[in-house]
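Per chain, numbering begins at 1; letters A, B, ... match sequence-line order.
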There are 2 protein chains.
Amino acid sequence: MAMNDKTPPDEGVEQANGGEANPPTLKTIAFMTGLGVTTVSRALKDAPEIGAATRQRVQLVARQIGYRPNRAGVRLRTGKTNVISLVLDTEEQVGGFVSDLIYGISEALAQTPYHLVVTPYSRNNDPLEPVRYVVDTASADGVIISRTEPDDKRVRYMSERGMPFATHGRTHMGIDHAFHDFDNYAYSVEAVKKLAALGRKRLALLAPPSSLSYYHHMRDGFADALMEHGLSEVPFPTATVDHSIEDIRKLTADLMRRPNRPDGFVSGAGAGTFALVAGVEDAGFKLGQDIDIVSKQSSKLLHLLRPQLYVVNEDVRLAGAELARAVIGRIAGRDIASLQSLSTPSAVEAYDA
Amino acid sequence: MAMNDKTPPDEGVEQANGGEANPPTLKTIAFMTGLGVTTVSRALKDAPEIGAATRQRVQLVARQIGYRPNRAGVRLRTGKTNVISLVLDTEEQVGGFVSDLIYGISEALAQTPYHLVVTPYSRNNDPLEPVRYVVDTASADGVIISRTEPDDKRVRYMSERGMPFATHGRTHMGIDHAFHDFDNYAYSVEAVKKLAALGRKRLALLAPPSSLSYYHHMRDGFADALMEHGLSEVPFPTATVDHSIEDIRKLTADLMRRPNRPDGFVSGAGAGTFALVAGVEDAGFKLGQDIDIVSKQSSKLLHLLRPQLYVVNEDVRLAGAELARAVIGRIAGRDIASLQSLSTPSAVEAYDA
DNA sequence: GGCAAGAACTGTAACGTTACAGATTGAATC
DNA sequence: GATTCAATCTGTAACGTTACAGTTCTTGCC
């Protein structure tokens, strides 16, 4: 049995043995077990043509010495990066939104070999650029994007090139893909219903920018519910949740000083609601008296701002976890239909003292 | 001139040329220029022993065909990952804090070849674990950590093993290292000074958890300034900025109902201040009248919560950018002393209507 | 006893890059 | 004309992994 013709992994290195131990590789295990590297490699991934005894022996040794596959080696050989890329707009307004998304994703990735890489872009630049980078350099196995548009270039790009991805928000472009979304239609329906029940008649909507998909959902729900309850809309077109706090505040105050001011607001974002409230009060009106506001929030701060606010909670952390599961599902080749989820808003909550 | 003995990069692949083009490699450029891969490699990194004409020719071709070095190849050969790892506590309370940190880091990394990998851990587990993982598997060239402690195991671990890193916050353990910190000592000195000027006498501090470095800075500044202005402290030991909004609120209300309640608060975190205000009002007291509060904030929401609040802004995005610059500096072997920065708090701001 | 077939294992090559040790020039020096 | 030298270029090997094409050995069958 020619066992000693295996080359020990550190041969040629003259350092004393007390020096830094290099991380173990397949070669290390091969040397320790007297097997070939190929056998070790296959034994570690439970290949069928490896004997049960050998497999167990290899896995035991690997565990003992704390073997971890070298990511660069695997990536170079197989092309598998074990990376999920989160493409983020770094101009994103305030709020723990992005933090929560990242926490949710991390949570779901923790049990997997995947690392999370944040790929930023500036809203001023082309949103397609970071996606193109990731796809062209194959620097991730899957991508998560947010700020989804109804006809989204990024979705088309990734679809055409077979890059697995999941979107935060839906599209309407005839391409089926994994997504997670908050049901903003249901949200604004519930919000309007609440305001109707409070006797409000003329409602305004602080909407997302009209380029984004959820603008349409929110707007449609708003319009349908207005119709159903026989209420009217006070247009508030210039302001969106993407505007700065100062802008929204000023636009709101202006709106409130008009003769046909609204007596109810539906707000699409927690931070925007801070500005709404300030604008309303700047104009001299009182929340819960002259006007009522229903807002979405991802943090829990709105009721501390004003207890008169009505809120619906959006669990962004959950969204992150769902998105991570969805991309991983796509990478594993799972069925798209099973990787699409919609989060139903909870009931509108009044402040509970 | 034997030029055609170079092997074209796609030899052996039977696909028609109309198929997907594989990303160009050094071999591609070598083939196109008629040079050897080694020459191409060196030409691209401006090595001195390559002729000026050749260098330009190679770089031109590389640019034209959109060559990008394969990260796995570089990483495997050199050990350089071109990755910065941000180690994050995923239990972090609320606030755009982490978002801003990430945006700041991304901003600074955008001009470099570095990718940002988020390495999460749960506060319940050992904070050393993710750091050990990154160091042991050499999965990043540099690390950024936050929630720094005066005697920080992670700092020791990375120091001893020569992993470049930067900390958000300082340590006091006789190890010199790169950091960025907000001057929380100066902050609480200014905060107390403001409250003294307002005629407040009995101050309480909503501090960070006592395990963290900035607890001590904030506390020392608080104590020194109390002394200087002849004010007294109302102990508020159980509550920290890490507690939930609900907990802080309740503890604050309890405190305010005591006979020796404070007439001024210094708050170490924006989200905590939301809870402070709620607790104060729960107990029936009025901000600006019975009590004044000075708070740090990283978002701009506090003055919308209550205009009576006094705020100091902490630019976390800047902190992120500084931290990124600091780690990169360490990786480049720059002097530690030049990679330590302290951000001086701006003046205490009252609401400016 | 000879042979086929499977089980269990092995070596080689390749992914893309760079370190290292040459090789090939042409010009300058003696 | 030979020798040295610098300038410029090149091939080979290796980083750690896996696909592929063997190789060896045992066992069963005729």
Side-chain angles (χ1 to χ4, degrees), chain A residues 1-3 5-13 22-31 33-58 62 65 67-82 113 137-139, chain B residues 1-3 5-13 22-31 33-58 62 65 67-82 113 137-139:
Chain A
M1 218 210 276
M3 198 168 140
D5 58 347
K6 309 280 179 186
T7 314
D10 274 342
E11 48 125 25
V13 180
N22 290 35
T25 69
L26 289 180
K27 209 168 167 185
T28 315
I29 302 178
F31 179 64
T33 55
L35 297 164
V37 279
T38 302
T39 309
V40 173
S41 172
R42 317 211 66 176
L44 287 174
K45 44 176 57 74
D46 289 321
E49 65 268 51
I50 302 296
T54 304
R55 176 165 43 235
Q56 286 186 13
R57 197 156 61 92
V58 169
I65 65 177
Y67 168 77
R68 290 174 180 283
N70 179 298
R71 304 192 127 232
V74 174
R75 179 164 170 178
L76 184 57
R77 180 66 241 244
T78 64
K80 175 133 221 242
T81 62
N82 283 305
T137 64
S139 64
Chain B
M1 217 209 278
M3 196 167 140
D5 58 347
K6 310 280 180 186
T7 314
D10 274 339
E11 50 126 25
V13 180
N22 291 36
T25 70
L26 290 180
K27 209 167 166 185
T28 315
I29 302 178
F31 179 66
T33 55
L35 297 163
V37 278
T38 302
T39 309
V40 173
S41 173
R42 316 211 67 177
L44 286 175
K45 44 175 56 75
D46 288 320
E49 65 267 50
I50 301 296
T54 305
R55 181 171 31 241
Q56 286 186 12
R57 198 158 59 93
V58 168
I65 65 176
Y67 168 77
R68 290 174 181 282
N70 179 297
R71 305 193 124 231
V74 175
R75 179 165 173 178
L76 184 57
R77 181 64 240 246
T78 65
K80 175 134 222 246
T81 62
N82 283 305
T137 63
S139 64

If you compare all heavy atoms of A/Ala30 against all heavy atoms of A/Gly36, which two are closest, and at what distance to 0.1 Å?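 Reported closest heavy-atom pair: CB-C, 4.0 Å.
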
Practice item. Work out which heavy atom in B/Val74 is nearest to a heavy atom in B/Pro69; give both atom names and the distance. Key: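 Heavy-atom minimum between the residues: CG2-CB, 4.3 Å.
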
What integer distance in Å separates [X]:[atom1] from [N]:[atom2]?
X	N	atom1	atom2	result
B/Asn22	C/dA14	CG	C1'	14 Å
A/Lys80	D/dG16	NZ	C1'	17 Å
A/Glu49	C/dA7	CD	P	10 Å
A/Arg75	D/dT17	CZ	P	15 Å
A/Gln56	C/dC9	CD	P	12 Å
A/Lys27	D/dA13	NZ	P	14 Å
A/Leu26	D/dA19	CG	P	12 Å
B/Asn70	D/dC15	CG	C1'	13 Å

Evaluate side chain to side chain contact (heavy atoms under 4.5 Å, CB included) for A/Ile50 paired with A/Val58, printing each intermediate quantity in order.
-> CA-CA 10 Å; A/Ile50 302 296; A/Val58 169; over 6 Å; no

Hey, are the side chains of [X] and [Y] touching, using non-hydrogen atoms and a 4.5 Å cut-off?
X	Y	result
B/Arg75	B/Asn82	no
B/Thr33	B/Thr54	no
A/Thr81	B/Arg71	no

By nearest atom, which of the nucleotides D/dT17, C/dT17, C/dG16 is closest to the B/Val74 side chain?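 My answer, after comparing the listed nucleotides, is C/dT17.
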
Between [atom1] on residue [X] and [atom2] on residue [Y], distance to nearest 0.5 Å:
X	Y	atom1	atom2	value
B/Leu26	B/Leu44	CG	CG	6.5 Å
A/Asn70	A/Thr25	CG	OG1	8.5 Å
B/Ile29	B/Ser41	CD1	OG	10.0 Å

How do B/Ala52 and A/Gly73 order along DNA chain D: which one's closest nucleotide is nearer the 5' end?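 Counting from the 5' end, the first nearest nucleotide belongs to B/Ala52.
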
#### Entry: D/dC15 OP1/OP2 closer than 4.0 Å to side-chain N/O of B/Thr78
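No.
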
Do B/Arg77 side-chain and C/dT18 base share a donor-acceptor contact under 3.5 Å?
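Counting by modelled atom types and ignoring angles, a donor-acceptor contact under 3.5 Å is found here.
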
* For DNA chain D, determine which residues of residues 38-47 of chain B have any heavy atom closer than 4.0 angstrom to one of its atoms, and list them numerically. =>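 When residues 38-47 of chain B is checked for heavy atoms under 4.0 Å from DNA chain D, the hits, listed by number, are B/Thr38, B/Thr39.
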
Could you list all N or O pairs between the protein and nucleotides 24-26 of chain C that sit under 3.5 Å apart?
none

Q) With a non-hydrogen cut-off below 4.0 angstrom, is B/Ile50 in contact with a base, only sugar-phosphate, or nothing? A)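 Sugar-phosphate contact only.
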
